[in-house]
Amino acid sequence: MKIELEELLAQALAKLAGAALNVEVDRRSIVVERARDAQHGDYASNIAMRLAKAAGLRPRELAGAIVAALPASPLLARAEVAGAGFINFHLASAAQFEALRRVLEMGERYGTSNAGRGRRVLVEFVSANPTGPLHVGHGRQAAYGATLSNLLRATGHAVQREYYINDAGRQVDILTASVWVRYLQAAGSTLPFPQNGYRADYVNAIAASLRALRGTTLEFPAAAVLAGLPADAPAGDKEAYIDALIAKMRALLGAAGYAAVLELALEAMLADIRADLAGFGVEFESWFSERALARSGAVERTLARLHELGQTYEQDGALWLRTTTHGDSEDRVLVRANGAQTYFAPDLSYHMDKRSRGFELMIDVWGADHHGYIDRMRAGLVALGQPGASFEVCLMQFVSLYRGEQKIPMGKRDGQFVTLRQLREEVGNDACRVFYLMRSHDQHLDFDLELAKSRSNDNPVYYLQYAHARVASVMKQLAARGLAYDAAEALASLARLDGPHEAAIITALRAYPDTIALAAVNRTPHTLVHQLRELAQAFHTWYNAAQFIVDDSATRNARLALAQGVQQVLRNGLALLGAGAPDSM
RNA sequence: GCGCCCGUAGCUCAGCUGGACAGAGCACCGGCCUUCUAAGCCGGUGGUCGCAGGUUCGAGUCCUGCCGGGCGCGCCA
C-alpha cells in the first residue's frame, strides 16, 4: 500500500517537474508512512517539506500543488494538506478492507514476505559453556535468537539456527575435575573441593552416575592426589591449584580414564541444555562442536592462512594478529608464548567455517559483557578477506531477577543462581517467552517473577492470548446458538464495519506486515509485542462496545470476519514469539 | 583513562530508523457484568523527554560537552 502511494506521489512530482518544480527528485526520497494519528488519515508523506527549500516554495504551497497533481486512484478517498505541509492520504473504504481480505485469504502466511530473497543467514545464539545448566540470562538470549530467526524466516531469509559448543576449553577440564572430586568425596575421601571448581548440585548428580558406571575403578587416596600440588586459595592461587589438580587427574587416571569422565560430564550437561531449550520451544538445526573443529585441523589452517596473508607477526614469543589495521583498538594474540591458542583462534576459525558453509550473513547473539570482542572478531574476519558486513552481533543486556521488590542474587560458580528451568516451571513458557521479548534487547531487563505470574495486564502474553480466546469463544457461542459463519456474505458485507472501533482494528491489521518487516530488519522483536498489544487492545475495546452475534446476518457475518482476522493475526504473531494461542483460558 | 549500552509520568518501559498536541502498563481516584470469558472495558490524576550547547523549516530521536547508572578493556574464557 505504501509503495502504491509512493508511486502516485512520484507521478505527481514528475508532472510538476517541468513547471512548478525545478529540483531533481530522487525516487527513494519519496516516503510514505502510516499516520500516527487517525485524524491524519491512513498514510502521510512529508515530501513537500523536504523539497520546499530546494524548490524555493513554501511547504504548504508545494504540498497543495502536489495534491492537485496526484493522479486519480481507486485506492484514495482523498488527499489533503495538513499541518506544516504534510500530505495526508485517506484510503477509500474498499482499500481499507483490503487488509482484512488479505488476512482471511492468506491465513497463517499473512505478514510474511520474500524481502530476504532467500539470503542465507546463520543465527548463532545461547552457545553457553556446557559446564552448568542454563540460567535466566541464557533464557533471554534463547527467546531473542529464536524469535529473530522466526522473523527472518517470515521475511524470506534462509535461516539456520546454531549452537556453538565450547567443549574444548579449560572450563570443561575444570568441570571434569569437579566431578571427579565429588566422586571421591562421595566415597568418603577427605580431598577438599577446589576453590575454583563448580560446586553446584548438578556436579554431584554427574558424580553419582560416574560411580554407577565405573564403580570404584577411578578412586585414589586423597594423599596421592594432593602429593606435589600447590596450595589452593586462600593460602595459594586457585587457578594454579585447579590446573595442577587437572594435570594430576590426567596422570592418575590415564588419558582414557580422564576422557571417560570428561565425556560423561559433557554429555550430561549437553543433554540437560538440549532438553531445557527444547522444553522452552527453542530448536537448533545444528550443534557445532569446538572440539570437532580443533580435531579437523581447521584452526591451524586458519592460522596458516593468516600467516600467508601477512596479517600476523611474532612478538615476545607469541603470535599476534594485526587487527588494528582493520579497525580494532589493539592487536590481538592468537597463540600464546606457551604454545596454547587463545580463544580468538578457534573463534575465527569457527566463523570462517560458517562462511565456507555458504552463509552470507552471520548473526551472533551475545551477552553485553562480550561487547569488547566484536571489533576483534570483525577485524579478524576482514583480515581473512571476508566482508565486515557479513558479521553482525546482537548484544543482549543483562537480566535481573526480582521477586516483587526483592532482587535475587545470581552467583555463578557457587550455583546460587536461578536456572532457566526453574524460571520456566514457575512462570510458564509462554509468559517467559513474551516477558523476555517485551523489552528492547539493548535495555537492561528487570524480570519480576510475581509480575510474570500475575494474570493481568502486567504480562502482555495473557492480554494477547485472552483476545484470541475470546474470538474462539464467540465462534463456539455461534455454533451453540445453531448459527454458522457465512464467509461469502461476510466478504460482501464488509462495508458494515464502519465504526471507529472497526477502523482502529483494520489499521492495526494493516500495520502488522510492516511491523514484521521492520522487526526483522532492525533485529527488534520487542516491536512485535507492542504492535500485537495495540491490536489486542483495539479488539478488547470493540468487544466491549459491540455485539457480534446479532440478528442481522450481514452485520453478524461481517463482524465475525473481522474478529477472525484479529484472531488470525494474533495467532501468527504469537507463533513468531514462540507462545501458544489457546482457544480458551 | 579508553570503549559499548542506558537515563522519557511515582514504578517498569514504548516512541515505527527527525515530523503534526510526548504514549502504554502498573500504581492512585471514579464508573461498567440479567447479553458472545471482567485475565476485560470506559473516564480521570500524573512528564521543563538527565543538564547545557549545536545542526534543521522541525529534535525525545542526529552532533559536541558535562552529570548519573550498568558493562567491558589479560599471552582469561
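So you know, we letter chains A, B, ... as the sequences are listed, proteins then strands, and number each from 1.
Between the side chain of A:Trp542 and the backbone N or O of A:Ile505 there is no donor-acceptor pair closer than 3.5 Å. The backbone N or O of A:Asn88 lies less than 3.5 Å from no partner atom in the side chain of A:Arg78, so there is not a single donor-acceptor pair. Looking only at distances, no side-chain donor or acceptor of A:Thr155 sits under 3.5 Å from a matching main-chain atom of A:Ala115. Proximity of a side-chain donor or acceptor of A:Arg378 to a complementary backbone N or O of A:Phe391 within less than 3.5 Å is detected.
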Here RNA chain B, pairs taken as Watson-Crick or G-U under 3.5 Å and shown with ( ), [ ] when crossing and | when to another strand, reads (((((((..((((.....[...)))).(((((.......))))).....(((((..]....))))))))))))....

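Distance check on atom C1': B:C67 versus B:C75 gives 38 Å, rounded to whole Å. As rounded to the nearest Å, B:C28 and B:G70 have P atoms that lie 30 Å from one another. Comparing the P positions of B:C42 and B:G54 gives a spacing of 43 Å, expressed to the nearest Å. Annotation: B:C4 and B:G46 have their P atoms spaced 40 Å apart (nearest Å). Straight-line distance between the P atoms of B:U45 and B:A22: roughly 15 Å, to the nearest whole Å.
Looking at which nucleotide of RNA chain B each of A:Leu395 and A:Phe548 is closest to, the 5′-most match is held by A:Leu395.
In this structure, B:C33 is classed as syn because its glycosidic torsion stays within 90° of zero.
For the pair A:Arg376 and B:C73, the criterion of a side-chain N or O lying under 4.0 Å from OP1 or OP2 is not met. The phosphate of B:C41 has OP1 or OP2 within less than 4.0 Å of a side-chain N or O from A:Tyr463. Residue A:Thr541 places no side-chain N or O under 4.0 Å from the OP1 or OP2 atom of B:G40.
A straight line from CG of A:Asp328 to C1' of B:C73 spans 11 Å, rounded to a whole angstrom.
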N/O to N/O distances under 3.5 Å, protein versus nucleotides 14-24 of chain B:
unit_1	atom_1	unit_2	atom_2	d
B:A14	OP1	A:Ser440	N	3.0
B:A14	OP2	A:Gln443	NE2	3.1
B:G15	OP1	A:His526	NE2	3.0
B:C16	O2	A:Arg34	NH2	2.9
B:C16	N4	A:Arg36	NE	2.8
B:U17	OP2	A:Glu33	OE2	2.9
B:G19	OP2	A:Arg36	NH2	2.9
B:G19	N7	A:Asn46	ND2	2.7
B:A20	N6	A:Asn88	OD1	2.9
B:A20	N1	A:Asn88	OD1	3.1
B:A20	N1	A:Asn88	ND2	3.1
B:C21	N4	A:Asp37	OD2	2.4

Taking only N/O atoms, report every protein-nucleotides 44-47 of chain B pair under 3.5 Å with atom names and distance.
none

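For A:Asp448, the side chain to side chain donor-acceptor pair (under 3.5 Å) test picks out no residue, with sequence neighbours left out. Residues satisfying the side chain to side chain donor-acceptor pair (under 3.5 Å) criterion with A:Asn46, sequence neighbours excluded, are absent altogether. Taking A:Pro513 as the reference, A:Tyr110 meet the side chain to side chain contact (heavy atoms under 4.5 Å, CB included) condition, with sequence neighbours excluded. A:Ala383 pairs by the side chain to side chain contact (heavy atoms under 4.5 Å, CB included) definition with A:Leu306, A:Gln311, A:Leu321, A:His326, not counting sequence neighbours. Judged as a side chain to side chain donor-acceptor pair (under 3.5 Å), and not counting sequence neighbours, the contacts of A:Tyr350 are A:Glu162. Evaluation of the side chain to side chain donor-acceptor pair (under 3.5 Å) rule for A:Asp243 yields A:Arg170 as partners, not counting sequence neighbours. When the side chain to side chain contact (heavy atoms under 4.5 Å, CB included) test is applied to A:Thr555, the partners found at least two apart in sequence or on another chain are A:Arg496, A:Val550, A:Asp552, A:Arg559.
Sorted by first and then second residue, the ring pair (Phe, Tyr, Trp, His ring centres under 6.0 Å) pairs with a member in residues 467-487 of chain A form an empty list; sequence neighbours excluded.
When heavy atoms are screened at a 4.0 angstrom cut-off, A:Gln397 is found touching the sugar-phosphate backbone but no base atom. Note on A:Phe398: only backbone sugar-phosphate atoms sit closer than 4.0 angstrom, heavy atoms only; bases stay farther off. Counting any heavy atom pair closer than 4.0 Å across all strands shown, A:Ala345 reaches no nucleic acid atom.
For the segment residues 315-327 of chain A, residues with any heavy atom less than 4.0 angstrom from an atom of RNA chain B are, sorted by number, A:Gln315, A:Asp316, A:Ala318, A:Trp320.
If you look at A:Phe447 and A:Phe435, their ring centroids are closer than 6.0 Å.
You'll find the side chain of A:Met585 stays beyond 4.5 Å of the side chain of A:Arg470, heavy atoms only.
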